[in-house]
Structures are given as C-alpha cells and as structure tokens.
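Working notes, structure below.
Along the sequence shown, residues are numbered consecutively beginning with 1.
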Amino acid sequence: MSEIDRVQGFTIPSRHVRGRVARLGPVLDEVLSAHAYPPAIERLLAEALMLAALLGTTLKDDAGQMTLQAQTEAGVVSLLVADYKAGAVRGYVQFDADRLAEMGSDPSLFGLFGKGYLAITFDQAASAGAEATRYQGIVPLEGESLGKAAEYYFSQSEQIPSFVQIDVRHGPNGGCIAGGVLIQHLPEGEVGRERLHVRHDHPEWEHVQALASTVKSDELTNPELGLSDIVWRLFHEEEEVRVNDDHVLTRGCRCDLTHIRDVLGRFPADERTDMADEAGNINVDCAFCSRIFPVSLASLTQ
C-alpha cells in the first residue's frame with residue numbers, strides 16, 4: 001500500500017495515548033493546483049490540510065465533518081479554511097497579494113495573520129440512538145505554526161495535552177509533500193477512576209511527548225518510509241503499541257450543480273435577476289476548487 005495520502009492511527013494503552021501519523025502528496029498537489037498560490041500561502045494551506053486530516057480522522061464515522069478556520073483582524077491572510085469529511089480534504093485561503101509580497105519569502109504565522117483566531121469545529125452526524133452533535137472551540141491564533149496553535153486549542157478548549165508536528169517540502173519532481181503527527185493524552189474515562197486531564201502532573205504524557213519530539217522532518221515527508229515504521233521508531237520501547245484506524249485520503253470538493261440550483265431557487269425572482277449577467281446566467285464561484293458554475297435563470301423556473 002502507498003505510504004502517501006494516508007493516515008495511520010495508533011494507541012499506546014499503558015500511557016493513555018492515541019495518535020495519528022499522516023502523509024499527503026498527490027492529493028495535496030490536486031488541491032493546490034486549483035489556486036496557483038505563492039509559496040508562503042501554499043505552505044500555509046498544505047499545513048492546514050494536513051492538520052485537517054489528522055484531526056478529522058478522530059471522528060467516529062464517515063458521516064462526521066471537521067472544519068478548521070483561521071480568521072484575522074486586518075492581517076495579510078484574511079481567511080483560511082480547511083475541512084475533512086469521509087477521507088476527503090479541501091481548503092482555500094483569502095489573502096492580500098500586495099502586502100504578502102512586501103513580507104519576504106518566509107513570513108511568520110504572526111506576520112501572516114497578526115491578531116488572529118483559530119476555530120475548530122467537529123460535527124458528528126446522528127446515528128442509531130444518538131442525536132447529531134456539534135462542538136466548536138475558538139482560541140487566539142498563537143505559536144509559530146498552525147500545529148502549535150492546535151496544541152494550544154486542545155489545551156485550552158478541551159484540557160487535552162497534545163503534540164502536533166507538521167512538515168512541508170517539495171519533492172524532486174516539484175510536487176508538494178506534507179507529513180504530520182498528532183499525539184494526545186486522553187482521560188481513562190473508567191467509572192470510579194481519576195480522569196487524567198484534571199491532574200496537574202502528567203509523567204506518562206511527558207515521557208511520550210519527549211519521544212514524539214524526536215521525530216524528524218525527513219521522516220514525516222519521506223514517501224519511502226512507512227507510516228507504521230515512524231510509529232515504531234518513536235515508540236518501539238513501549239510495552240504495547242496498537243496500530244489501527246488506517247484511512248485513505250482524497251481530494252474532496254462537495255460543490256454540486258443540483259445543490260447550487262436548489263440554493264439559488266430559494267431566492268426571490270427579482271434578486272436572482274440582479275445576480276445574473278447579461279447572458280442571463282448566475283455564475284457561482286466555488287472557493288475550494290476555483291470552478292465557476294453558470295446557472296441560467298431559465299433553469300431555475302423550470
């Protein structure tokens with residue numbers, strides 16, 4: 001099986017830890033190719049898509065969706081969106097190209113966003129015996145990377161100690177490769193047992209975090225190195241490591257002409273007329289895939 005465009009889950013039972021290690025390649029290139037972003041924005045979106053894959057695969061089933069959104073007050077990047085659903089990732093960035101050009105080739109996260117906010121939303125669809133649930137947390141966009149901002153998010157919003165590392169590089173053929181690892185220290189959750197996240201000391205977590213921090217960029221972005229091999233390199237001295245939850249990643253854009261027509265059909269006729277061009281078409285632009293869908297006014301009255 002290819003070691004690109006996949007997420008590999010694992011757990012370390014004795015340490016109360018779960019993790020994900022992932023790599024994106026051709027799927028990442030597909031998403032990026034629709035936008036022709038400058039290198040700094042390309043790296044930012046690649047990191048966001050990797051983070052979406054790592055977090056999204058923690059959902060219980062394919063009906064759920066995870067959305068990551070970063071917004072700013074007067075920053076170079078005004079909006080960053082990435083999401084995950086049923087193995088598919090998508091994303092886009094809105095930014096000021098003129099201001100970006102003034103910042104040099106390697107702007108910091110603060111340089112791109114200034115005073116920004118990170119929102120992470122988990123939507124879990126209804127299942128047998130359970131209602132649909134939605135959880136969203138918003139925190140200041142802090143740290144030197146989106147991965148570090150996500151660590152802060154889990155620490156503040158869910159009191160879950162987390163480690164995130166994401167690396168992005170271009171391969172010899174010019175394609176973009178992103179690799180990432182997410183590790184979280186979870187509560188035991190057993191009746192009558194202390195919930196770990198309420199403790200002030202986490203010796204087990206500190207041990208795992210120290211091991212995780214030894215992962216190298218070249219390992220995460222090497223398509224020849226198996227994802228499970230990375231897990232073994234980091235944690236082979238542990239009592240037990242269970243490798244599970246393998247996910248294949250794809251490029252996903254859920255723009256659909258039938259759905260677009262349905263949405264437009266809800267507008268009053270005079271508003272639809274105002275939206276149309278001289279040819280009588282309403283041109284709907286999908287920010288995720290950069291495709292334009294022309295919908296004729298006549299088709300909305302049939």
Side-chain angles (χ1 to χ4, degrees), residues 6-23 50-62 64-66 68 84 87 118 120-124 127 130 133-139 142-143 145-167 179-216 219-220 225-247:
R6 287 180 55 234
V7 179
Q8 179 68 67
F10 63 93
T11 60
I12 307 176
S14 64
R15 304 289 184 181
H16 311 291
V17 161
R18 75 172 177 185
R20 297 282 189 273
V21 60
R23 191 176 291 125
M50 174 52 64
L51 184 57
L54 291 168
L55 298 180
T57 51
T58 65
L59 290 164
K60 293 180 180 179
D61 57 57
D62 285 348
Q65 178 175 327
M66 194 290 308
L68 179 154
Y84 170 97
L118 176 68
I120 298 179
T121 307
F122 290 92
D123 286 296
Q124 190 66 57
S127 58
T133 58
R134 189 174 197 263
Y135 176 78
Q136 182 182 71
I138 302 175
V139 295
E142 298 181 348
S145 66
L146 286 178
K148 297 310 172 187
E151 288 182 8
Y152 182 72
Y153 163 86
F154 280 106
S155 173
Q156 296 298 308
S157 296
E158 300 190 23
Q159 293 78 51
I160 296 177
S162 302
F163 172 86
V164 181
Q165 180 170 326
I166 298 172
D167 292 287
V181 59
L182 163 71
I183 301 174
Q184 296 183 309
H185 188 222
L186 300 179
E188 291 176 278
E190 296 179 18
V191 176
R193 298 287 295 278
E194 177 189 21
R195 292 183 68 81
L196 297 179
H197 75 267
V198 303
R199 290 168 43 179
H200 295 292
D201 62 319
H202 299 281
E204 294 172 341
W205 168 249
E206 291 167 1
H207 170 78
V208 171
Q209 186 180 38
L211 294 177
S213 65
T214 65
V215 69
K216 298 179 175 60
E219 294 175 318
L220 291 176
L225 180 61
L227 298 178
S228 58
D229 292 334
I230 295 176
V231 177
W232 184 87
R233 287 187 181 189
L234 294 175
F235 305 113
H236 64 275
E237 294 183 355
E238 295 302 306
E239 177 182 324
E240 180 185 13
V241 179
R242 300 175 185 171
V243 176
N244 49 39
D245 296 336
D246 181 80
H247 301 265

Do R6 and Q8 get their side chains close enough for a donor-acceptor pair, meaning under 3.5 Å? yes
Is there a donor in the side chain of D61 and an acceptor in the side chain of Q124, or the other way round, less than 3.5 Å apart? yes
Nearest 0.5 Å, what's the [atom1]-[atom2] distance between [X] and [Y]?
X	Y	atom1	atom2	answer
E151	F163	CD	CZ	6.5 Å
S162	L186	OG	CG	8.0 Å
L54	Q165	CG	CD	11.0 Å
L51	I166	CG	CD1	4.5 Å
I183	F235	CD1	CZ	3.5 Å
T58	H247	OG1	NE2	9.0 Å

Just by modelled atom types, is the V208 backbone N or O under 3.5 Å from a matching donor or acceptor in the R15 side chain? no
Counting heavy atoms not belonging to E240, are there more than 12 under 6.0 Å from its CD? yes
Closest heavy-atom contact between [X] and [Y]?
X	Y	value
M50	A22	SD-CB, 3.6 Å
Y84	A53	CD1-CA, 4.1 Å
L118	A150	CD2-N, 4.1 Å
H185	H16	CD2-O, 3.3 Å
F122	L55	CE2-O, 3.7 Å
S14	E204	O-OE2, 3.6 Å

Using a 4.5 Å cut-off on heavy atoms from C-beta on, say whether the side chain of V17 contacts that of W205. yes
Any side-chain heavy-atom pair of T11 and N244 under 4.5 Å: yes
What residues form a side-chain contact (heavy atoms from CB on, under 4.5 Å) with L225, not counting sequence neighbours? R23, E219, N222, D229, I230, R233
Please identify each residue that fulfils side-chain contact (heavy atoms from CB on, under 4.5 Å) with E237, with sequence neighbours left out. none
Under the salt bridge (Lys or Arg N to Asp or Glu O under 4.0 Å) test, which residues partner E142, sequence neighbours left out? none
